[in-house]
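One structure is given below, encoded as structure tokens.
Residue numbers count from 1 along this sequence.
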Amino acid sequence: MVSGAERHVLILGGTTEARHLAAGLAADPALRVTSSLAGRVARPRLPAGEVRIGGFGGPEGLARWLREQQVDALIDATHPFAGTISFNAARAAAAAHVPLLAVRRPGWVAGPGDDWHPVGSLAEAADALPALGERVFLTTGRMGLAAFAHLEDMWFLTRSVDAPEPPVPPRMEVLLDRGPFTVEGERDLLRDHRIDVLVTKDSGAAATSAKLAAAREAGIPVVVVRRPPAPDGVPVVPGPEEAVAWLKSL
């Protein structure tokens, strides 16, 4: 893929796209591939190649790591809602003069029969809930539950990979699970828990989209938190194949 000496690629990841990208690149003997995981999941799925876990210490720490490890290309394949690391990556790449690419899976698009209520943040999602339902299926991850902790009269079913920590809503049941999920399974979950409103982030991808189809079938409103934009000036591609083509073009 890359001629000359071994080139070092750093992938900021943890997502399915990041693992697929690492697997494809690690097979190339001309590349040294390192994947960086945030360390927020207790038992992450480790990608191919070298792996480091934990933060860098802000954009200055990341820039220093890029220089020390002689990184030739930086690929931000983090979750679409991992806004802080994406902006840190942009600042670090500029400071270290390292080419940067963002991989962002396409977002979900509402279709016929969908009752979606787009909002700009978790706080706005919490504000919208009282007018939409009383039994909430909350699929926004364990890190932002504090935004819903004041809704004492509502009941929440929360699904996450690891157990959440307080503050959380007082009336809450936790379901520890990891996708992909099926429409049949999501349909049963909505029915068994008498869910009347769903809250989700616009994460995109098929692994967690089954809940949207199940909500459409059940006529359940969906509060959708819009994803933040990528940093200005950073090229964005939708998947690993396009990221490989970008590397070839360097």
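Taken to the nearest 0.5 Å, the CD1 atom of I75 stands 4.5 Å off from the CG atom of L21. Rounded to the nearest 0.5 Å, atoms CG (D114) and CG (L212) are 7.0 Å apart. Rounded to the nearest 0.5 Å, atoms CG (L62) and CD (E60) are 9.5 Å apart. Summarising the geometry, atom OG1 belonging to T15 is positioned 9.0 Å from atom CG belonging to D76; distances are rounded to the nearest 0.5 Å.
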Q | Steps toward side chain to side chain contact (heavy atoms under 4.5 Å, CB included) verdict (T34, W65) | A | CA-CA 12 Å; T34 302; W65 198 92; 4.0 Å; yes

Q: Start with the C-alpha distance between M172 and V174, add both sets of side-chain angles, then the distance that settles side chain to side chain contact (heavy atoms under 4.5 Å, CB included), and finish with yes or no.
A: CA-CA 7 Å; M172 184 179 75; V174 178; 3.6 Å; yes

Q.
The test is side chain to side chain contact (heavy atoms under 4.5 Å, CB included); show your working for D188 and R191 and say whether it passes.
A. CA-CA 5 Å; D188 293 343; R191 183 191 64 243; 3.1 Å; yes

(Q) Applying side chain to side chain contact (heavy atoms under 4.5 Å, CB included) to E17 and T78, what does each step give before you reach the verdict? (A) CA-CA 9 Å; E17 292 81 6; T78 56; over 6 Å; no

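W116 and V183 fall into different hydrophobic clusters, where Ile, Leu, Val, Met, Phe, Trp and Tyr residues are linked whenever their side-chain heavy atoms come under 4.5 Å apart, directly or through other members. Under the 4.5 Å side-chain heavy-atom criterion for Ile, Leu, Val, Met, Phe, Trp and Tyr, I11 and W246 are members of the same hydrophobic cluster. Linking ILVMFWY residues whenever their side-chain heavy atoms come closer than 4.5 Å, directly or via other members, leaves V33 and L46 in distinct clusters.
Judged purely by atom type and a 3.5 angstrom limit, R105 uses its side chain to pair as donor or acceptor with the backbone of S203. The main-chain N or O of G239 is found under 3.5 Å from a side-chain atom of E242 such that the two form a donor-acceptor pair. Proximity of a side-chain donor or acceptor of T139 to a complementary backbone N or O of V199 within less than 3.5 Å is detected.
Using a 4.0 Å cut-off between charged nitrogen and carboxylate oxygen, D72 and R32 do not count as a salt-bridge pair. R226 has no carboxylate O lying under 4.0 Å from a charged side-chain N of D202, or vice versa, which leaves the two without a salt bridge.
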Throw together a table of side-chain donor-acceptor distances under 3.5 angstrom for residues 145-155, partners on residues two or more places apart or in other chains.
residue: H150; atom: ND1; partner: A147; partner atom: O; Å: 3.3

N/O donor-acceptor pairs under 3.5 Å from side chains in residues 131-138, not counting sequence neighbours:
residue: R135; atom: NE; partner: H193; partner atom: O; Å: 2.8
residue: R135; atom: NE; partner: R194; partner atom: O; Å: 3.4
residue: R135; atom: NH2; partner: H193; partner atom: O; Å: 3.0

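Of the options L66, L10, L74, a side chain to side chain contact (heavy atoms under 4.5 Å, CB included) to L100 is made by L74 and by none of the others.
Under a cut-off of 6.0 angstrom, the local environment of CD in Q69 is crowded, with over 12 non-hydrogen atoms contributed by other residues, nucleotides or ligands. Summarising the local packing, CD of E217 is surrounded by more than 12 heavy atoms from other residues, nucleotides or ligands at distances under 6.0 Å.
When all heavy atoms of P47 and L37 are compared, the closest pair comes out as CD-CD1, 4.3 Å. Across R142 and A163, no two heavy atoms sit closer than the pair CD-O, 3.8 Å. Minimum heavy-atom separation, H117 to D115: NE2-OD1, 3.0 Å.
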